[in-house]
Amino acid sequence: MTETIEAPAALRQINHWIGGRAAAGMSGRKGPVFNPATGRQTSEVDFATPEEVDAAVQAAKVAFGTWRGVSLAKRAEIFFRVRELVHERREEAARILTSEHGKVLSDALGEVTRGLEVVEFCCGLPTLLKSEYSEQASTGIDVYSIRQPLGVVAGITPFNFPAMVPMWMWAPAIACGNTFVLKPSEKDPSASIWTAELLKEAGLPDGVFNVVNGDKVAVDSVLEHPDVAAVSFVGSTPIARYVYEKATAQGKRCQALGGAKNHMIVLPDADIDMAADAAVSAAYGSAGERCMAVSMLVAVGSVADPLIDAIKQRIPNVKVGDGMNPANEMGPLITREHRDKVASYLEDGKVVVDGRESCPDEGFFLGPSLIDDLKPGMRAYDDEIFGPVLGVTRVDTYDDAVRLVNESPYGNGTAIFTRDGGAARQFQFEAQAGMVGVNVPIPVPVAYYSFGGWKGSLFGDRHIYGPEGIDFYTRGKVVTSRWPDPATSKVDLGFPQTR
Ligand code: NAD
């Protein structure tokens, strides 16, 4: 639990990306970027001023003038090229993610692949943007709907998926004809600049995709900018609420996805080994830094003791270490501060496995941890821990378990493990969460559905990517048209009739 934080002599500089080229920050304010596996600082990233955010928005505004007029066929062609380039370079992207986030290479590759699915969905943009047409809605009158882009839209993203979550936003936004300003996490910003260079190479016109790095100053400048029409946010619940309130108060469309505390219910009839495998995978994958991680296991009735034993047996086999080593399965946490905060939860309940006892000395590591006997009202039960700490709460009945899920202030994902189809069907019907898994611990929807939670896990009414993503980044217009013979024209002050 010690780490080295001495900085190397020459730090890599990470700039903004404005109007199709790298733009060095002018503020002099910068943030450190670490390799969490070694604890050493590798880079520093520029923090944007309001003027730099304005420059990015202006570049996007100019580009919107032409991009919205680019044919659907041409846009699709560019998207196919993007798809090919990301696919070809996915291992390069994965190494960037691992070096700044810490997740193991195989997981980083999985992130790129799931993000790429959203790009692939967007390759079908001509079909996605098709609308409706009613011929002869009234005599000689046709009515049709069209969906048009909003203009300059912005994305503000968290540290835990530095490639995939931005893809959830920029791909549908740009496919729909908008231009985009991304404010990525300041903790692992390199993937965004990698994306910007790749999009340029794929033929995306300059100014359509821009990156401003930074902190709250950059976020507030985006939220207050009069030329930003819509904001997509993914991050923690307090900031999601803040972003949603501030953006909508400025008249912007906003979808703000927040944090999570995902409960996995295990019924007494479940296959214990399968449930234990799923719990270990979903709790400790990416060191628990996933908004869809399983963080609370709800053990119903007699299942608790054998399930905890099965999980306990599996934990020593999880290989913890530098994500660059393909033998490792779980990497470090994002920062030393976050690691220490996560470790501070190993006080509540009954600590069955303490990850502080089994992790590498260098870097921001914490081993997989397991706490039994958690209950609402305890910090480790109530808070989103966002680390490799799996809590267990024991309940007597299915109804008690569902009550816990539904009383949670979060409603991102939840799962049930059972062999009883009727119980699973009932759970799907009554669980108050946006994404439900039946014997699936991390039910992230495929790209042609939409992703999003309920309650404190989402502010706004549209989920992200998939059909709701297309809806979010466009607005509807209905055209009523007729081509009458001028000879029939007359003044008529009555309200238009359709019959
Ligand atoms: P975060 O809320 O700290 O940061 C997210 C973004 O907001 C970053 O770009 C950051 O620079 C910015 N930000 C941070 N503090 C701010 C402030 N005071 N004012 C304005 N902007 C601010 O989140 P994080 O730690 O980067 O990411 C982890 C969180 O994201 C977890 O809570 C996780 O559950 C959540 N998350 C949710 C989803 C989802 O789909 N619901 C997906 C991924 C991550």
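Counting starts at 1 for both ligands and their atoms, in listed order. Note that these values count all heavy atoms, side chains included, but never hydrogens, waters or copies made by symmetry.
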J.: Quick one: side-chain contact (heavy atoms from CB on, under 4.5 Å) partners of Val318, sequence neighbours excluded?
T.: Val280, Val320, Glu329, Met330, Pro368
J.: Judged by atom type as modelled, is there a donor-acceptor pair below 3.5 Å linking the side chain of Asp348 to the main-chain atoms of Arg379?
T.: yes
J.: Just grab all the ring-ring contact (aromatic ring centres under 6.0 Å, His included) pairs involving residues 228-266, residues at least two apart or on different chains.
T.: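 Checked against ring-ring contact (aromatic ring centres under 6.0 Å, His included) - neighbours excluded - the pairs reaching residues 228-266 are His263-Tyr381.
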J.: Table please: side-chain donor-acceptor pairs of residues 151-167 below 3.5 Å, with sequence neighbours left out.
T.:
from: Asn160; atom 1: ND2; to: Glu289; atom 2: O; distance (Å): 3.2

J.: Would a distance-only check, ignoring hydrogens and angles, find a side-chain to backbone donor-acceptor pair under 3.5 Å from Asp383 to Ile385?
T.: no
J.: Give one line per pair: atom of ligand 1, protein atom, distance. Only N/O to N/O under 3.5 Å.
T.:
from: ligand 1; atom 1: 2 (O); to: Ser236; atom 2: N; distance (Å): 2.9
from: ligand 1; atom 1: 2 (O); to: Ser236; atom 2: OG; distance (Å): 2.6
from: ligand 1; atom 1: 9 (O); to: Thr157; atom 2: O; distance (Å): 2.8
from: ligand 1; atom 1: 9 (O); to: Lys183; atom 2: NZ; distance (Å): 3.0
from: ligand 1; atom 1: 11 (O); to: Lys183; atom 2: NZ; distance (Å): 2.7
from: ligand 1; atom 1: 11 (O); to: Glu186; atom 2: OE1; distance (Å): 2.7
from: ligand 1; atom 1: 26 (O); to: Phe159; atom 2: N; distance (Å): 3.1
from: ligand 1; atom 1: 30 (O); to: Gly235; atom 2: O; distance (Å): 3.3
from: ligand 1; atom 1: 32 (O); to: Glu384; atom 2: OE1; distance (Å): 2.6
from: ligand 1; atom 1: 32 (O); to: Glu384; atom 2: OE2; distance (Å): 3.4
from: ligand 1; atom 1: 34 (O); to: Glu384; atom 2: OE2; distance (Å): 2.6
from: ligand 1; atom 1: 41 (N); to: Gly258; atom 2: O; distance (Å): 2.7

J.: Just by distance, do the side chain of Ser27 and the backbone of Ala48 share a donor-acceptor pair under 3.5 Å?
T.: no
